[in-house]
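In what follows, a structure is listed as structure tokens, so that the remarks can point back to it.
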Amino acid sequence: MMTPKENLLEVLNWGKPEYVPMTGECISTVGMPFINMLEQPLRQSGYDAFGVHWLVNQAGAMHDTSQLLFTEISEWRDYVKFPDLDALDFTSTAQAELAGIDRNRKMVAFYGVTGVYERLAAFMGFENLLCALLEDPDECRAFFDAMADWKIKLFHKLNEAYHLDMYVYFDDVATVRGLFMSPETYREVIKPAQAKIARAVLDEGVRFCMHCCGRCEDIMEDFVEIGATVWNSAQTVNDLKGIQERFRGRLVIEGGWDTEGPCSLIGASADDLRAEVRRNMEEYGRNGGFILLPTILNQKGNSLIVGDDRMPALLDEYEKTKYCF
């Protein structure tokens, strides 16, 4: 029998896995202290190392729009102070975290939860950012490029300390209805910085996973082009079965959970979760190239992080249906 890591590698390499993997059973997230400090606070409201104030509730973290650092993109050099990564002790933190992880059974991944687009939104707000993309794309590109350089340095530090298997790059450039901007603007202004980060990750032999929520299927080919081999968190507002067929052998989809449906409501029943697991296995799991990523909330937050009385039912249904090939 394969270990969860071996089974996941078969999925990622388009081999012959024994079963459909689920994120939590085959991947361990590392670098949590640096995520909270440098990317965004995840546990409680507060400031990150850039000076952005984040508000945290059960649904997650969002930058505080009442405390924007600037509103004009031309001002970014005056306000953006990149945190000194050389002053941080990555090695000791990594040793402590990795001590509790069996790397023979799980892959380790860092979640870069604030990509270049999201970082600029955190600084100046979405409305100002979207105007800037149209009014001064050159200055936006300059910021994105500088931010990419800093994130690449952060990645190098992390990889040296953790020897990562996967880097998950978060940049939500879409809503449930479509992209925030035209595909052309994405390709001309944002994509070059994302591609730069992806190249740096791939050059060190680490897998690059693109995280983008919302209906982003119009730029799926762009994700693959820059080097993403996994897309997280593939939501049902996209044509997931069509994407599986189109990108078979090139892109694994991680997600599938109906985040707009009753299974994702705070009050969803255990039966709702069981039904959603079965639907995922039937509609996506059978096709291969799929990693199940449940997304369920309770009054405390993300159930996969804070725990949930309904999790045993979800896991039980997963164990019953994961051998669906």
Do Gln40 and Thr114 have a side chain donor and acceptor closer than 3.5 Å?
yes

Side-chain heavy atoms of Cys216 within contact of Leu179, under 4.5 Å
yes

In terms of relative ring orientation, are Trp54 and His63 parallel, tilted or perpendicular, with 30° and 60° separating the classes?
perpendicular

Among the clusters formed by ILVMFWY side chains lying less than 4.5 Å apart, do Phe82 and Leu154 turn up in the same one?
yes

Using the rule given for side-chain contact (heavy atoms from CB on, under 4.5 Å), can you reason through Met124 versus Phe143, listing the C-alpha separation, both sets of side-chain angles and the distance that settles it, and then say yes or no?
CA-CA 12 Å; Met124 64 185 302; Phe143 168 82; over 6 Å; no

Walk me through whether Arg103 and Asp165 qualify under salt bridge (charged side-chain N to carboxylate O under 4.0 Å, His left out).
CA-CA 10 Å; Arg103 299 196 68 155; Asp165 296 308; 3.3 Å; yes

Is there side-chain contact between Met281 and Lys322, with at least one heavy-atom pair below 4.5 Å?
yes

Any Glu254 side-chain heavy atom under 4.5 Å of Cys209 side chain
yes

Shared hydrophobic cluster, Phe70 / Leu130 (ILVMFWY, side-chain heavy atoms < 4.5 Å):
yes

Go through the side-chain N and O atoms of Glu204 and Tyr167 and say whether any donor and acceptor fall under 3.5 Å apart.
no

Determine whether Cys26 and Asn7 satisfy the following criterion, side-chain contact (heavy atoms from CB on, under 4.5 Å), listing intermediate values before the conclusion.
CA-CA 8 Å; Cys26 56; Asn7 186 70; over 6 Å; no

Between Phe123 and Phe50, is the ring centroid distance below 6.0 Å?
yes

For the side chain of Asp316 and the backbone of Pro312, is there at least one donor-acceptor N/O pair under 3.5 Å apart?
no

Asn104 versus Thr3: any side-chain heavy-atom pair under 4.5 Å?
no

Could you give me the CA-CA distance, side-chain angles and deciding distance for Phe247 and Trp231, then say whether side-chain contact (heavy atoms from CB on, under 4.5 Å) is met?
CA-CA 11 Å; Phe247 291 94; Trp231 166 42; over 6 Å; no

Would the distance check show the side chain of Arg310 and the main-chain N or O of Leu273 forming a donor-acceptor pair, the cut-off being under 3.5 Å?
no

Contact check, side chains of Val277 and Lys320, non-hydrogen atoms, under 4.5 Å
no

Would you name the heavy atoms of Cys213 and Asp172 that are closest together and state the gap between them?
N-OD1, 2.8 Å

Using every non-hydrogen atom in the two residues, find where Arg187 and Lys191 come nearest and quote the distance to one decimal.
O-CB, 3.6 Å

Can you establish whether the number of heavy atoms outside Asp89 located under 6.0 Å from its atom CG is more than 12?
yes

Distance-minimising heavy-atom pair for Cys263 and Trp257:
SG-NE1, 3.6 Å

For Glu217 and Ile243, indicate whether the former's side chain and the latter's backbone hold a donor-acceptor pair under 3.5 Å.
no

What one should report as the nearest heavy-atom pair of Ala109 and Val168 is CB-CG2, 4.3 Å

Check ion pair Arg286-Glu282 (N to O, under 4.0 angstrom):
yes

Check: Asn238 side chain, Gly214 main-chain N or O, donor-acceptor pair, under 3.5 Å:
yes

Side-chain hydrophobic cluster, 4.5 Å single linkage: members besides Val56
none

Can you check whether Gly255's main-chain N or O pairs, donor with acceptor, with Asn232's side chain at less than 3.5 Å?
no

Just checking Glu160: does its CD atom have more than 12 heavy atoms from other residues, nucleotides or ligands closer to it than 6.0 angstrom?
no

Tell me, do Tyr318 and Glu25 make a side-chain contact under 4.5 Å, heavy atoms counted?
yes

Rounded to the nearest 0.5 Å, the CD1 atom of Ile35 sits from the CG atom of Asp48 at a distance of 13.0 Å

Identify whether the distance between the nearest side-chain nitrogen and carboxylate oxygen of Arg250 and Glu221 falls below 4.0 Å.
yes

Measure the OH-CD1 distance between Tyr169 and Ile197 for me, rounded to the nearest 0.5 Å.
4.5 Å

Answer with yes or no whether the hydrophobic clustering places Trp14 together with Met2; edges join I, L, V, M, F, W, Y residues whose side-chain heavy atoms lie under 4.5 Å apart.
no

Measuring from atom OH of Tyr111 to atom CE of Met32, what distance do you get when rounded to the nearest 0.5 angstrom?
10.0 Å

Between the CE atom in Met147 and the CZ atom in Arg119, the distance rounded to the nearest 0.5 Å is 5.5 Å

With a 4.5 Å heavy-atom cut-off, do Arg278 and Arg274 have their side chains touching?
yes

Gap separating the CZ atom of Phe223 from the CD atom of Gln194, nearest 0.5 angstrom:
6.5 Å

In this structure, would Val237 and Met210 fall into the same cluster of hydrophobic residues linked by side-chain contacts under 4.5 Å?
no

Flag yes if Leu297 and Met22 sit in one hydrophobic cluster, no otherwise; membership is Ile, Leu, Val, Met, Phe, Trp, Tyr, and two members link when side-chain heavy atoms are under 4.5 Å apart.
no

Below 6.0 angstrom between ring centroids: does that apply to Tyr162 and Phe110?
no

Between the side chain of Asp203 and the main-chain N/O of Ala200, is any donor-acceptor distance below 3.5 Å?
no

So, the side chain of Gln244 versus the backbone of Tyr284: is there a donor-acceptor pair under 3.5 Å, distance only?
yes

Closest heavy-atom pair and its distance - Cys140, Leu133:
SG-N, 3.8 Å

Any donor-acceptor N or O pair under 3.5 Å, side chains Glu260, Thr236:
no

Would the distance check show the side chain of Asn159 and the main-chain N or O of Leu164 forming a donor-acceptor pair, the cut-off being under 3.5 Å?
yes

Could you grab the distance from atom CD1 of Ile27 to atom NZ of Lys5, nearest 0.5 Å is fine?
11.5 Å

Between Glu97 and Gly31, is there a donor-acceptor pair closer than 3.5 Å when you use the side chain of the first and the backbone of the second?
yes

What verdict does the side-chain contact (heavy atoms from CB on, under 4.5 Å) test give for Ile253 and Met220, after you've listed the backbone C-alpha separation in whole Å, the side-chain angles of each residue and the deciding distance to 0.1 Å?
CA-CA 11 Å; Ile253 69 170; Met220 202 59 52; over 6 Å; no

A side-chain contact here means heavy atoms from C-beta on lying under 4.5 Å apart; do Met107 and Leu12 qualify?
yes

Please give me the minimum heavy-atom distance between Pro83 and Leu38, naming the atom from each residue.
CB-CD2, 4.0 Å

Is the backbone N or O of Gly227 less than 3.5 Å from a side-chain atom of Arg199, with the two atoms forming a donor-acceptor pair by type?
no

